[in-house]
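Let me begin by presenting the structure, written as structure tokens, before commenting on it.
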Amino acid sequence: KACPGVMHIIARRAAAGFASPVLLRALCTSRPTGSRRLCTMADFSPEQVVFDKPKVELHVHLDGAIRVQTILDVAKRRGIPLKANTVEELTQIIIVDKPGTLTKFLGKFAEYMHVVAGDREAIKRIAYEFVEDKAKEGVIYVEVRYSPHFLANTEVDPIPWNQKEGDVSPDEVVHLVNEGLSEGERAFNIKARSILCCMRHMPSWSMDVVKLCKKYRKEGVVAIDLAGDESLNCEAYPDHKNAYEEAVLCEIHRTVHAGEVGPASVVKEAVDVLKAERVGHGYNTLEDQDLYKRLLAQDMHFEVCPISSKLTGACDPDFTKHPVITFRKDKANYSLNTDDPLIFNSNLHLDYNTAHKYMGFTEEEFKRLNIKSAESCFLPEKEKKELLQRLYEAYGMIQSTAF
Ligand SMILES: O=c1[nH]cnc2c1ncn2[C@H]1C[C@H](O)[C@@H](CO)O1
């Protein structure tokens with residue numbers, strides 16, 4: 001472990017107000033073996049982690065969770081020039097370190113997606129490494145999402161990230177991610193499933209996405225999502241609606257990014273029209289109390305991402321005013337998630353530590369929300385029961401089968 005001497009400062013500062021990642025990096029940079037090594041927040045020591053028990057994560061983007069070193073390695077192998085040559089420099093370019101807008105945040109993907117897109121080895125590698133990173137955070141079940149089209153360079157119109165046409169289709173992307181995830185599952189002994197994203201600004205891709213969900217449902221794809229910029233186009237296009245209708249018909253699970261920066265009406269559309277079973281973020285549901293009460297009554301799951309919600313400008317930067325405090329008070333069904341740890345220079349411990357430090361979350365609430373997350377995951381019933389049993393055991397709440 002590098003940087004032990006500064007870890008207490010980092011953890012304290014990180015918990016104490018989301019200290020500037022620039023500062024964190026300055027503190028973290030050491031030369032343990034002669035070379036500069038970035039000490040990430042994943043290096044929390046056990047005593048700095050407020051909830052060091054098995055966890056479930058339901059809302060994290062694969063393309064927002066890539067290791068910076070991997071982007072550098074792949075760029076070097078492929079001869080792709082980057083604006084930076086070291087982890088520290090590239091991190092500086094990619095991360096968002098103060099509250100901005102969702103649109104600005106989404107622009108960060110263009111800094112690096114062209115490096116991994118269209119490259120078979122890179123796509124499989126990011127999936128495998130993702131599982132390793134989650135296992136290190138104590139996650140025992142994760143649902144990771146991505147847009148197959150964003151990682152392809154053929155059979156996608158337009159070809160994203162200014163790539164030249166190649167031979168990696170969205171279909172092959174899904175196959176490669178599945179392979180990386182399942183190799184990661186075997187190596188790191190956790191369970192990983194995937195969710196395929198439609199993009200709000202690309203309705204013409206959505207039918208493809210639902211077809212890929214169907215084709216790969218036995219290879220780990222569990223649901224469909226609708227992601228992207230809610231602030232640019234609020235109402236879902238007919239193509240998205242058609243894709244979600246098809247998902248309902250084929251019994252493909254559904255989640256939708258809604259009410260993150262968009263109004264409560266987007267949440268209403270997500271549940272009433274797109275038949276979402278979970279809501280991505282959903283903070284602005286609170287603007288419509290009737291809707292909120294209805295969703296509470298039906299135990300709708302909200303995929304909450306605290307650090308993300310501050311840095312995308314979705315929520316007030318003062319965590320003591322965060323909507324998840326209301327969710328907790330009302331015993332709502334929600335999870336805590338990282339969303340895009342690469343871009344937020346964060347990890348799941350930081351989200352939990354923040355909830356503890358600024359919102360008064362207790363161990364009991366962390367256990368409750370993880371159990372609700374497991375209940376709301378998209379695994380088949382039998383596997384869901386097994387996951388719940390593992391949590392009950394780890395939390396010392398063994399459900400007796402005797403009568
Ligand atoms: O927080 C988010 N809100 C909306 N869209 C998002 C967010 N994080 C990532 N995305 C987009 C950008 C990714 O390329 C895409 C698929 O993972 O989903």
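Remember, it's 1-based here, ligands and their atoms both numbered in the order they're listed.
For a threshold of 3.5 Å applied to N or O pairs, the pair formed by Asp340 and ligand 1 contains at least one separation below that value. Note: an N/O pair closer than 3.5 Å links Glu260 and ligand 1 by distance alone. The shortest N/O to N/O separation between Ser308 and ligand 1 does not fall below 3.5 Å.
The side-chain hydrogen bond (donor to acceptor under 3.5 Å, both in side chains) analysis of residues 111-120, with sequence neighbours excluded, yields the pairs Arg77-Asp119, Arg78-Asp119, Lys83-Glu111, Arg120-Asp167, Arg120-Glu172.
With ligand atoms numbered from 1 in the order given, ligand 1 contributes 3 (N) to contacts under 4.0 Å with heavy atoms of Leu102. Heavy-atom proximity to Ala227, at under 4.0 Å, picks out these atoms of ligand 1: 5 (N), 18 (O). Remark: ligand 1 atoms within the under-4.0 Å shell around heavy atoms of Phe109 are 9 (C), 12 (C), 13 (C), 14 (O). Against a heavy-atom cut-off of under 4.0 Å, His257 is close to the following atoms of ligand 1: 2 (C), 3 (N), 4 (C). Listed by number with element, the atoms of ligand 1 under 4.0 Å from a non-hydrogen atom of Tyr146 are 17 (O). Close approach of ligand 1 to Ser147 is summarised as follows: ligand atoms under 4.0 Å from at least one heavy atom of the residue are 16 (C). Residue Phe150 has at least one heavy-atom neighbour below 4.0 Å for each of these atoms of ligand 1: 14 (O).
Given atom 10 (N) of ligand 1, the protein heavy atom at minimum distance is His61 CE1, 3.4 Å. When hydrogens are left out, the protein atom nearest atom 5 (N) of ligand 1 is Gly228 N, 3.0 Å; that is the closest non-hydrogen contact. For atom 13 (C) of ligand 1, the closest heavy atom belonging to the protein is Asp63 OD2, 3.1 Å.
A perpendicular orientation is assigned to the rings of His322 and Tyr283, their planes being inclined by more than 60° (bins at 30° and 60°). The aromatic rings of Phe302 and Tyr292 lie tilted to each other, with the angle between the two planes from 30° to 60°.
For the pair Lys211 and Glu246, the salt-bridge criterion is not met [side-chain N within less than 4.0 Å of a carboxylate O]. Glu365 has a carboxylate O that lies under 4.0 Å from a charged side-chain N of Arg368, or vice versa, which qualifies the two as a salt bridge. Salt-bridge annotation for Arg125 and Glu121: absent, with no side-chain N of the basic residue lying under 4.0 Å from a carboxylate O of the acidic one.
Residue-ligand proximity: Gly64 is placed with every non-hydrogen atom at 4.0 Å or more from ligand 1. Taking a 4.0 Å cut-off on heavy atoms, His281 registers as neighbouring ligand 1. Contact between Asp229 and ligand 1 is absent, with no heavy atom of the residue lying under 4.0 Å from the ligand. Distances from ligand 1 to the non-hydrogen atoms of Met199 include at least one value under 4.0 Å.
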**OP:** Could you go through the side-chain contact (heavy atoms from CB on, under 4.5 Å) check for Thr354 and Lys357 one step at a time?
**Re:** CA-CA 5 Å; Thr354 301; Lys357 171 102 183 168; 5.9 Å; no
**OP:** Test Val222 against Ile195 for side-chain contact (heavy atoms from CB on, under 4.5 Å), laying out the working first.
**Re:** CA-CA 6 Å; Val222 291; Ile195 296 175; 4.2 Å; yes
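With a heavy-atom cut-off of 4.0 Å, Leu106 touches ligand 1 through its side chain alone. Residue-level proximity to ligand 1 for Asp339 is carried by the side chain, the only part with a heavy atom below 4.0 angstrom.
In terms of the side-chain hydrogen bond (donor to acceptor under 3.5 Å, both in side chains) criterion, residue partners of Glu375 (sequence neighbours excluded) are, by chain and number, Lys372.
Under the 3.5 Å distance criterion, the side-chain polar atoms of Asn370 are matched with a main-chain donor or acceptor of Val56.
Judged by the 6.0 Å distance and 45° axis criteria, Arg278 is positioned over the aromatic ring of Phe378.
Checked against the 6.0 Å centroid threshold, Tyr395 and Phe51 count as a close aromatic pair.
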